[in-house]
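Below is one structure, written out as structure tokens, with a few remarks after it.
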Amino acid sequence: MLRTPYCLVGLSLAMIILFAAVPTFGLNNGLAITPPMGWSSWNHFHRNYNETTFYNNAKAMAGNGMREAGYQYVNIDGGWWAGSDTGHAQRNSSGYMQINKEKFPNGIEKLVDYVHSLGLRWGHYTDSGTHFCNRDAPASYGYEEQDAKLFVSFGSDMVKIDACGSDPEKHEQIMAKWSRLLNATGRPVLISNCHNNCQTSNWADWCPTSANMWRSSGDIQDGWSRIMANLKTLVGRGAYGGPGRWNDPDFLEVGNSGISDLEAMSHFSLWCVTSSPLIAGNDLTSMSQSIRNILTNKVAISVNQRYLTQAGDQVMVNGTTEVWAKVLPNKEYGVVLLNKDDHDAQSISFPLSKLGVSASATCQLYDVWDGTNSTATATIVTKPLEPHAVKFYVVSLCK
């Protein structure tokens, strides 16, 4: 089992890259070369959805600038099966899961065809264990072959595999089986491992061999403290992320009611600089223009999608302030300076040497959210940042 020591925090980004003992391999299915982008029903709708939810949100994604910004996947989560919330998930005599006809009177295949017609991709959901998270049973354990065939028959391009009802001792074998079955179908299917024993606390080197992304954390919630808790699971994990294999601190809460627009901007900035999957979790049909602007900021997304040596990582902590950074191509860097304090505004000073450049270097700074340019010599010094606020820079041309 590989673990990254937290004492790397405070070293330069270059030193973190040098000393990280990490896998260089990943699931060889040619997918998720950059962090996946899309939308999921769970954070906003949970199991309270029907086919109209997906038709409307897919249409919104295709028409509001998100598709052009790089968002691709429209993901369903728990509750799609017949018998949802009754304790009994209904399968036919051959073991194939039945569709909830009340939620999907026209079937899932027609919905997936519509999603594909918009130039988008479909993501499906299951649980690797004996029951789903709401205790409906049976889930996929023992039915992996039927479920893999079913999801591919829908036209699925991604499958999220949860683990509420599974045995942790069997996760490696279960995920290997899912990877083998989905890859054997001949259809490219991105595999998302949700809680199958690859969280930061118990990550092992088999994790990237059977999934394109793995949850580093517990479930995110619509509130600042939980977002910060999930972010913490990425400390020291930057070198584990790369093409085809990404840390996943869970999907975005941007646009949901539990956080302010300022917190949404900080949340998105941190997910971008850490190369985390950008899977929106709000209602796309009713979001404000300010939230749309956050989710479609081209420079922020570019920092997320560009890759040189590793995903972003934490490079400095000082009390309740932190700095997260990512090496980009062309001698550029994404840098997010975060004030985590709940009450007080704070200024942050960040030595540019922690990026691996000369201690006396003068660098160009592009402010991702203000769209302004400035320079800094030796140290980036912010004005006092409001509680939960960030400054997000692209640093370049250091001399």
Side-chain angles (χ1 to χ4, degrees), residues 12-14 16-17 34-35 37 65-66 68-71 231 234 238 241 252 254 261-276 278 289-316 318 321-340 345-386 388-399:
S12 73
L13 188 57
I16 291 175
I17 294 168
T34 59
M37 297 176 62
M66 292 181 69
E68 287 68 26
Y71 293 85
L231 175 69
L234 298 180
L252 294 162
V254 174
D261 284 8
L262 180 145
E263 291 169 334
M265 184 181 294
S266 298
H267 176 20
F268 192 73
S269 300
L270 291 158
W271 264 233
C272 284
V273 80
T274 54
S275 309
S276 300
L278 299 180
Q289 186 62 51
S290 61
I291 293 299
R292 183 181 304 179
N293 291 344
I294 292 171
L295 289 172
T296 58
N297 184 290
K298 293 181 179 179
V299 179
I301 292 171
S302 174
V303 171
N304 177 265
Q305 296 286 290
R306 296 165 71 193
Y307 178 85
L308 184 62
T309 54
Q310 68 167 64
D313 212 325
Q314 188 188 75
V315 295
M316 192 183 86
N318 183 13
T321 67
E322 298 179 1
V323 180
W324 295 72
K326 178 184 179 181
V327 178
L328 301 172
N330 303 319
K331 297 182 179 180
E332 295 183 348
Y333 307 86
V335 178
V336 175
L337 303 98
L338 165 67
N339 178 16
K340 288 178 64 175
Q346 298 188 90
S347 178
I348 302 175
S349 296
F350 175 64
L352 289 165
S353 61
K354 288 189 176 291
L355 297 177
V357 304
S358 168
S360 59
T362 296
C363 301
Q364 299 290 320
L365 308 181
Y366 177 79
D367 189 313
V368 171
W369 298 114
D370 291 349
T372 57
N373 292 286
S374 60
T375 61
T377 299
T379 304
I380 298 174
V381 181
T382 71
K383 295 179 180 179
L385 300 178
E386 296 178 57
H388 304 173
V390 300
K391 271 294 181 182
F392 188 0
Y393 292 116
V394 175
V395 178
S396 64
L397 301 174
C398 296
K399 297 179 181 178

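Counting heavy atoms from C-beta outward, Leu278 and Cys272 have side chains that approach closer than 4.5 Å. In this structure, the side chains of Val254 and Trp271 stay at 4.5 Å or more apart for every pair of heavy atoms. Proximity of Gln310 to Val327: side-chain heavy atoms (C-beta onward) are nowhere separated by under 4.5 Å. Val390 places a side-chain heavy atom less than 4.5 Å from the side chain of Leu338. Looking at heavy atoms from C-beta onward, Leu262 lies in side-chain contact with Glu386 at the 4.5 angstrom threshold. Within the 4.5 Å cutoff, the side chain of Val335 has no heavy atoms near those of the Phe392 side chain. Between Tyr307 and Thr34, the closest side-chain pair of non-hydrogen atoms is not below 4.5 Å. With a 4.5 Å cut-off on side-chain heavy atoms, Leu352 and Ile380 count as touching.
Put simply, CD1 on Ile294 and CD1 on Ile301 are 11.5 Å apart, with the number rounded to the nearest 0.5 Å. The OH atom of Tyr366 sits 7.5 Å away from the OG1 atom of Thr372 when rounded to the nearest 0.5 Å. Separating the CG atom in Leu355 from the CE atom in Met316 is a distance of 11.0 Å, to the nearest 0.5 Å. From Trp324, atom CH2 reaches atom OG1 of Thr274 across 7.0 Å, with rounding to the nearest 0.5 Å. Note: Met265 CE to Ile291 CD1 = 8.5 Å, rounded to the nearest 0.5 Å. Taking CG of Asn339 as the start and CD of Glu322 as the end, the distance is 10.0 Å to the nearest 0.5 Å.
Between Ala361 and Val357, the shortest heavy-atom contact is CB-CG2, 4.1 Å. The two residues Gly70 and Met37 make their nearest non-hydrogen contact at O-CB, 3.5 Å. Among all heavy-atom pairs drawn from Leu308 and Pro329, the shortest one is CB-N, 4.1 Å. Shortest non-hydrogen contact noted between Trp369 and Asn293 is CZ3-O, 4.3 Å. Shortest non-hydrogen contact noted between Ala378 and Ala359 is CB-O, 3.3 Å. Of all heavy-atom pairs spanning Pro351 and Ser349, the tightest one is CD-O, 3.9 Å.
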Exercise. Start with the C-alpha distance between Asn318 and Phe350, add both sets of side-chain angles, then the distance that settles side-chain contact (heavy atoms from CB on, under 4.5 Å), and finish with yes or no.
Key: CA-CA 10 Å; Asn318 183 13; Phe350 175 64; over 6 Å; no
Practice problem: Test side-chain contact (heavy atoms from CB on, under 4.5 Å) on Lys391 and Ile348 and set out the steps. | Solution: CA-CA 9 Å; Lys391 271 294 181 182; Ile348 302 175; over 6 Å; no
Practice problem: Would you check, one step at a time, whether the test side-chain contact (heavy atoms from CB on, under 4.5 Å) holds for Leu234 with Gln314? | Solution: CA-CA 8 Å; Leu234 298 180; Gln314 188 188 75; over 6 Å; no
Quiz item: Between Asn304 and Phe268, is a side-chain contact (heavy atoms from CB on, under 4.5 Å) present by the stated rule, with each step listed?
Solution: CA-CA 10 Å; Asn304 177 265; Phe268 192 73; over 6 Å; no
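Side-chain atoms of Lys326 come within 3.5 Å of backbone atoms of Val303 as a donor-acceptor pair (strictly under, hydrogens ignored). One N or O on the side chain of Gln305 and one on the backbone of Pro35 form a donor-acceptor pair closer than 3.5 Å. Using modelled atom types, one side-chain atom of Ser266 and one backbone atom of His388 make a donor-acceptor pair closer than 3.5 Å. Checked by atom type and distance alone, the side chain of Ser302 never pairs as donor or acceptor with a backbone atom of Lys298 at under 3.5 Å.
Considering only residues two or more places apart in sequence or on other chains, Cys363 meets the disulfide bond (SG atoms under 2.5 Å apart) condition with Cys398. Among residues two or more places apart in sequence or in another chain, the side chain to side chain contact (heavy atoms under 4.5 Å, CB included) test is passed with Ser347 by Val381, Thr382.
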